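Notes for the one structure printed next.
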Number of protein chains: 2
Amino acid sequence: MLYAVFMSSTLPPFPASQGPAAKTPVMVEFGAGDADGPCLRADAARNRARLLDAAARLVAEHGAAAVTMEAVAAAAQVGKGTVFRRFGDRTGLLTALLDHSEKKFQASFLSGPPPLGPGAPAVERLRAFGCAALRRADADLELQLAAEPCPDRRFVVPARRVRHGHVVLLLRQAVPGADAELLAQTLMGYLEPALIHHLTRQCHMPMERLQAGWRDLVARLTRT
Amino acid sequence: MLYAVFMSSTLPPFPASQGPAAKTPVMVEFGAGDADGPCLRADAARNRARLLDAAARLVAEHGAAAVTMEAVAAAAQVGKGTVFRRFGDRTGLLTALLDHSEKKFQASFLSGPPPLGPGAPAVERLRAFGCAALRRADADLELQLAAEPCPDRRFVVPARRVRHGHVVLLLRQAVPGADAELLAQTLMGYLEPALIHHLTRQCHMPMERLQAGWRDLVARLTRT
DNA sequence: CAACGATACGGACCAAGGTCCGTTTAATTT
DNA sequence: AAATTAAACGGACCTTGGTCCGTATCGTTG
């Protein structure tokens, strides 16, 4: 798969910008090791696990807003600096928390059974993709909202690039003549957590309406 | 005009959550006074002007990132608390900075000459609206990015509601059978400052492509 | 197993947004 | 003009994200 490199959103955050630019940061090696970050040192791995565990507990017990970097550090019995070294920033930590389910989702549309995975016609996959994405977003909306990065990073987030790439691919098949890039961005916009939150929680729209909206959207956009 | 109440995005921010809920906050009175905030006390008005002036100067000279609440307060020779009382928060201040041009834009599509204003067929107005919005966004992207509120307020911002309402109206005319609400959200998503920033500044797409994309989008969505 | 270099650790420190509340001042009433 | 009151003022203070760097630890090499 061409964009498999993007799958893990918890690579190394970026080797901590410590000291001036004279530290030869060893450049992140993609694809090393297995699922999680490429072979951390023993203590680092242990702390990472403790931190994620503590963060998850905080979310479960007091909501995403309670996930303060200091609170997490304290709950994991670890120094604050450690949290930042491991996850870069708050967004990174929250994203790591979402990583597992996001990867499952990715797997399902990259290589799962049709109509989501390969095997079904592009338009049908597109339909299924949106509905699945909506369901997934609805599941842990609060966390996804809290994990949203600042505006100028939002489109560079690995998870988003994977989804985007997928939609572009499907669109190119489904509607060859069009500007797939832009069409894909439009479709992705419909799946934005902030929008879903607004529509479902603030406007009280039922999920079915959003899904119908997505199907209609796909229909209109792919109509030749 | 039905949604004229939303036009000024610099009403009173919200009477500062001072003290417990026993202060009878007098409820914001819409539509009082003229353009700017409804008849402030003399000193308040003076300070407001000074603050906006100082903020604008800071943006011009050192970019939006330099617009620190303390920096603005200092530059305007005013206490920090004053800045917050007047504008609520950083987003409020930045939004106030954008208010003037936003109102001009609103006027142009609410009551300006066709094809933007009333008089042209809905689809045509929709096309014109997007292209104008794209141009406007491109003008002071940095500021608009910096003014973006947290995810769960993004859709409640007055300026956004005006635009949204307008698009819904046009869509209802142009494509009667559809779910105009959702279609409008989709279209609005294409005009999101963050997206425009990504496409033009990070992907180096020319503005013309974005505009063509918009026209295509409108064409597809309004096709019966 | 001792020495060593790379990596991780921790918490003091900084910056900036946001709140609080005692004091001052503009407007209104008598 | 004095008294009164609602509103505005200012800056100390709190919280939280993020940085820095001296110290401790891991894992490897001789």
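Note that the structure is predicted; figures quoted are calculated from it, not measured. Each chain gets a letter, A, B and so on, in the order its sequence line appears, and its residues count up from 1.
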A/His166 and A/Gln106: side chain donor to acceptor below 3.5 Å: no
Under 6.0 Å from the CD atom of A/Glu61, do we count more than 12 heavy atoms belonging to anything else shown? yes
Could you report the tightest heavy-atom contact between B/Tyr190 and A/Thr186, atom names first, then the distance? CD1-OG1, 3.3 Å
Can you say whether the rings of A/Phe109 and A/Phe129 are parallel (under 30°), tilted (30 to 60°) or perpendicular (over 60°)? perpendicular
Under a 4.0 Å heavy-atom criterion, the protein footprint on nucleotides 23-30 of chain C, written with B, S and -, is --BSS---
Nearest-Å distance, CD (A/Gln77) to C1' (C/dA8)? 18 Å
Roughly, in whole Å, what's the span from CZ in B/Arg50 to P in D/dC9? 10 Å
Specify the angle, to 10°, made by the local axes at the two ends of the helix from C/dC1-D/dG30 to C/dT30-D/dA1 when five pairs are taken at each end. 0°
What residues, two or more places apart in sequence or in another chain, satisfy salt bridge (Lys or Arg N to Asp or Glu O under 4.0 Å) together with A/Arg201? A/Asp138
Whether each nucleotide of nucleotides 11-18 of chain C has a protein heavy atom under 4.0 Å at its base (B), only at its sugar-phosphate (S) or at neither (-) is summarised, 5' to 3', as B----SBB
Shortest non-hydrogen contact from A/Ala96 to A/Leu52? CB-CD2, 3.9 Å
What's the CZ-P distance between A/Phe87 and D/dG17, to the nearest Å? 15 Å
Taken in chain and number order and not counting sequence neighbours, the residues that satisfy salt bridge (Lys or Arg N to Asp or Glu O under 4.0 Å) with B/Arg160 are B/Glu192
Locate the shortest heavy-atom distance separating A/Val67 from A/Ala55; write the atom from each residue and the value. CG2-O, 4.2 Å
B/Arg136/B/Glu102 ion pair, N-O < 4.0 Å: yes
If you look at every heavy atom in A/Ala76 and A/Arg50, which pair is closest and at what distance? O-NE, 3.3 Å
Can you tell me if the side-chain N/O atoms of B/Asn47 get under 4.0 Å from OP1 or OP2 in D/dA8? no
Please state how far atom CZ in B/Arg48 lies from atom P in D/dC9, giving the value in whole angstrom units. 12 Å
Identify, with sequence neighbours excluded, every residue that meets side chain to side chain donor-acceptor pair (under 3.5 Å) alongside B/Lys80. B/Glu70
